[in-house]
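Notes for the one structure printed next.
By convention in this document, chain letters (A, B, ...) are assigned in the order of the sequence lines, proteins followed by strands, and residues within each chain are numbered from 1.
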There are 2 protein chains.
Amino acid sequence: MEQRIDRIKKQLHSQSYKLTPQREATVRVLLENEKDHLSAEDVYLLVKEKAPEIGLATVYRTLELLNELEVVDKINFGDGVSRYDLRKEGADHFHHHLVCIECGSVDEIQEDLLGDVEKVVESNWNFKIKDHRLTFHGVCHRCLEQEKKDEEHTGKETNEA
Amino acid sequence: MEQRIDRIKKQLHSQSYKLTPQREATVRVLLENEKDHLSAEDVYLLVKEKAPEIGLATVYRTLELLNELEVVDKINFGDGVSRYDLRKEGADHFHHHLVCIECGSVDEIQEDLLGDVEKVVESNWNFKIKDHRLTFHGVCHRCLEQEKKDEEHTGKETNEA
DNA sequence: GTGATTGCAAATCGTTTGCACCATT
DNA sequence: AATGGTGCAAACGATTTGCAATCAC
C-alpha cells in the first residue's frame, strides 16, 4: 500500500501537484476499499473518519484530479451518482462490471473479454478505440443461489423471463 | 410509424395508462429522431414545437413511463445527462455505442457483438444476464478521416456536418 | 364524480464554484 | 508575497415532487 501511495505521490509531483494530507487520506480510503465502487459521498464519509475537518468539495476536487491522472476511473451505473474505481496498475484495459438488479451489488471482471470484439469494431467501423465500458445487468451468483434455496425449501414457483 | 404508435398505445392501455396528446407527441419526437440520443431537455424542446403548452416535468414523466414499459432505454455516457434511446422492436439485445472523444458524436452498432462473451460470463461467473451496456470511447471514422486529410494537405480548413 | 394526468413552481440531489483563509516556498 | 490547496456556503444543472387545475371515462 505504501508503495502505491508513493507512486501516486511521484505522479502528482511530476505534474507539480502536492500530496496533501487530505489527498493522502482520500487515496488511502480508495486503496482500502478497492473492491467497492464508492460514490464521492461514500468516500467523503470514510475520509472524514480519518480527517474530520475535510470538506466534501475537497474530496470532489481530489477525485477529479485522480481521474485526470488516470489513477481512478469515474463510472456511472445509471443511478445518478458517479462512482470512483481505482485503476489496476499495469491494467491495459478498463475492467468490466456485473450489476445485480436484485441486491444492487457490483462485481468486477478483471479479465479482458473484449479483445476480439475490439478488433472487429476497429476494422469494421473504422473506429479507433481508446477505452471501453462494459456492464452486465442481471442476477448475481449470490441471489441465484438464494433463489435456488428458496425454491427448494418452499416449493414455491418463481417467475422467470 | 403509425403502427408503432398504435403498438405503444396498446401497450399503455394494457397497463391502464393512456396515450394522451402529450405522450403521443413525445413518442413521435422519439420516433422521428430515432438515430439520435436525445436528453430529456432535447426531447422537451422538440415536443414543444408540436405541443407548446407541454411542461418539462411531463416529458420526464413520460420518458420514465416509456422506460418502464421498455419502449425506450435510458443511457448515460457520463456527461451528467440521461439520454433516451428508442428500443428496436424485436431486438433481443441492447445495441452498442461508439462515443467519439473528439467530436462527441454517438454512433450505434446494431449487431450483437457480445453473444460469445455473454456465454463466458454466465458460465464462469454464474451470473444471469438480463441486459448489457457496451460503449467504446475513441475516435470516430469521420474524425479519423479528417485527421488523415489534415495531414495530407496541412492548413486546409475543416468543415464537418 | 373518480382517478389519471398535467403544468407550474418549489424542492431535491449530486456536483461545481467563488472566495477568504491557510500552508509551504 | 506568491502559489497552490482548503473549507465553507452559495450556485448550479438535471431531475423529482407537491399541488391545484384539468381531462377522460
Q. Can you tell me if the side-chain N/O atoms of A:Tyr60 get under 4.0 Å from OP1 or OP2 in C:dT15?
A. yes
Q | Closest nucleotide among C:dG7, D:dT16, C:dT5 to the B:Tyr17 side chain | A | C:dT5
(Q) Counting only side-chain nitrogens and oxygens, does B:Thr20 get under 4.0 Å of the OP1 or OP2 atom of C:dT5? (A) no
Q: Report which part of the nucleic acid A:Leu56 touches: base, sugar-phosphate, or nothing (heavy-atom distance under 4.0 Å, all strands).
A: base
Q: Quickly, which of B:Asp85, B:Asp73, B:Asp42 forms a side-chain hydrogen bond (donor to acceptor under 3.5 Å, both in side chains) with B:His37? Name it, please.
A: B:Asp85
Q: Could you tell me the separation between the CG atom of A:Asp79 and the P atom of D:dA14, rounded to a whole number of Å?
A: 18 Å
Q. If you check the A:Ser82 side chain, which of D:dC19, C:dT5, C:dT15 turns out closest?
A. C:dT15
(Q) What contact category does A:Arg61 fall into here, base, sugar-phosphate, or nothing, at under 4.0 angstrom with non-hydrogen atoms? (A) base
Q: Calculate the interatomic distance between A:Ile54 atom CD1 and C:dC22 atom P; express it in whole Å.
A: 18 Å
Q | Check ion pair B:Lys149-B:Glu145 (N to O, under 4.0 angstrom) | A | no
Q) Contact class for A:Glu53 (heavy atom, under 4.0 Å): base, sugar-phosphate, or nothing? A) sugar-phosphate
Q. Is there a path of hydrophobic side-chain contacts, each under 4.5 Å between heavy atoms of I, L, V, M, F, W or Y residues, that connects A:Leu114 with B:Val99?
A. no
Q | Below 4.0 Å: OP1/OP2 of D:dG7 and any side-chain N or O of A:Gln22 | A | yes
Q: Figure out the CD/P separation between A:Glu41 and C:dC13, and round it to whole Å.
A: 11 Å
